[in-house]
Enquirer: 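Got a structure for you, written out below as structure tokens; questions coming shortly.
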Amino acid sequence: QVHLVESGGGLVQSGGSLRLSCRTSGIRFSLAHMNWYRQAPGKQREFVARIASNGTTNYADFVKGRFTISRDNTRNTAQLQMNSLEPEDTAVYSCNTNWVGRSFWGKGTLVTVSS
């Protein structure tokens, strides 16, 4: 079975930082592309960042160099380092991967940024 479990969310003040983790099981992590998405209250889910199996990264424009996605193939974990957080970054952040033709999601972790 494939499982993705996020952690690291919480409450932080504007300008602060958080580091999210996505621990995976049931996939060949080193071969998987990993994505982070977020969904703010009352809004549609949106793409945040992606790291390919070869380490190539892509980011949404709104990241503006504030976020860094990384992966640790020894721990089957993807991370999202978020700096200079703004109240607009408040959302549930979820990790995602597509594996053997299916899309898998974690339950998400809530990030709340206070002004």
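Just so you know, these numbers use all the heavy atoms, side chains as well, and skip hydrogens, waters and symmetry mates.
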Enquirer: Hey, any chance V92 and F67 share a hydrophobic cluster, counting ILVMFWY side chains that come within less than 4.5 Å of each other, even indirectly?
Expert: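 The answer is no; the residues belong to distinct hydrophobic clusters.
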Enquirer: If every non-hydrogen atom of N35 is compared with every non-hydrogen atom of R50, which pair is closest and at what distance?
Expert: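 In this case the closest contact between N35 and R50 is OD1-CG, 2.9 Å.
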Enquirer: Please give me the minimum heavy-atom distance between A78 and W36, naming the atom from each residue.
Expert: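 Taking A78 first and W36 second, the nearest heavy atoms are O-CZ2, 3.9 Å.
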Enquirer: State the SG-CG distance between C22 and L4, to the nearest 0.5 angstrom.
Expert: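 If I round to the nearest 0.5 Å, the distance is 4.0 Å.
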Enquirer: Considering non-hydrogen atoms only, spot the tightest contact between T24 and M34 and give its length.
Expert: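 What the structure gives for the nearest pair is CG2-CE, 3.9 Å.
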Enquirer: Is R23 reaching over with its side chain to a backbone N or O of S7, donor-acceptor style, under 3.5 angstrom?
Expert: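 Checked: no pair found.
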Enquirer: Step through the shown structure and confirm whether more than 12 heavy atoms of other residues, nucleotides or ligands are within 6.0 Å of CZ on R28.
Expert: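 At most 12 heavy atoms, drawn from other residues, nucleotides or ligands, come within 6.0 Å of this atom.
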Enquirer: Enter the distance from N83:CG to R19:CZ here, rounded to the nearest 0.5 Å.
Expert: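 The distance works out to 10.0 Å.
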Enquirer: Would you check, one step at a time, whether the test side chain to side chain contact (heavy atoms under 4.5 Å, CB included) holds for R66 with D89?
Expert: CA-CA 11 Å; R66 301 179 296 132; D89 295 315; 2.6 Å; yes
Enquirer: Just grab all the ring-ring contact (aromatic ring centres under 6.0 Å, His included) pairs involving residues 95-115, residues at least two apart or on different chains.
Expert: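 Counting only pairs at least two positions apart or across chains, the ring-ring contact (aromatic ring centres under 6.0 Å, His included) contacts touching residues 95-115 are Y37-W105.
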Enquirer: Run the numbers on E46 and F62 for side chain to side chain contact (heavy atoms under 4.5 Å, CB included), then give the verdict.
Expert: CA-CA 11 Å; E46 61 181 352; F62 63 77; 3.7 Å; yes
Enquirer: Please round to the nearest 0.5 Å and tell me the distance separating atom CZ of R71 and atom OG1 of T57.
Expert: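 Answer rounded to 0.5 Å: 11.5 Å.
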Enquirer: Mind listing the closest non-hydrogen atom pair of R38 and A91 along with its distance?
Expert: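 Closest pair (atom of R38, atom of A91, distance): CB-CB, 3.9 Å.
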Enquirer: Do S103 and N96 pair up side chain to side chain, a donor and an acceptor below 3.5 Å, judged on atom types alone?
Expert: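 Yes, because at least one side-chain N or O of S103 sits under 3.5 Å from a partner of the opposite role on N96.
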Enquirer: Testing the basics here: between S114 and L11, what is the closest heavy-atom pair and its distance to 0.1 Å?
Expert: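 Closest approach of S114 to L11, heavy atoms only: CB-CD1, 4.3 Å.
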Enquirer: Got a second to check how far D61's CG is from F47's CZ, nearest 0.5 Å?
Expert: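 Result: 10.0 Å between the selected atoms.
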Enquirer: Nearest 0.5 angstrom please: T77 OG1 to L20 CG, how far?
Expert: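 Those atoms lie 12.5 Å apart.
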Enquirer: Check whether T97 reaches the backbone of H33 with its side chain - one donor and one acceptor, N or O, closer than 3.5 Å.
Expert: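 Side chain of T97 to backbone of H33: a pair is present.
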Enquirer: So which atom in S14 and which in S115 form the shortest heavy-atom distance, rounded to 0.1 Å?
Expert: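 Shortest heavy-atom separation between S14 and S115 comes out as CB-CA, 4.2 Å.
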Enquirer: Taking Y93 as the fixed residue, which of L110, L18, V111 is the one that meets the side chain to side chain contact (heavy atoms under 4.5 Å, CB included) rule?
Expert: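 Among L110, L18, V111, the one meeting side chain to side chain contact (heavy atoms under 4.5 Å, CB included) with Y93 is V111.
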Enquirer: What is the distance from atom OG of S70 to atom CG of L80, rounded to the nearest 0.5 Å?
Expert: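 The OG atom of S70 sits 8.0 Å away from the CG atom of L80.
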Enquirer: Report the C-alpha separation of K107 and E6 in whole Å, then their side-chain angles, then the decisive distance to 0.1 Å, and conclude whether the salt bridge (charged side-chain N to carboxylate O under 4.0 Å, His left out) test is met.
Expert: CA-CA 7 Å; K107 292 183 178 180; E6 302 92 340; over 6 Å; no
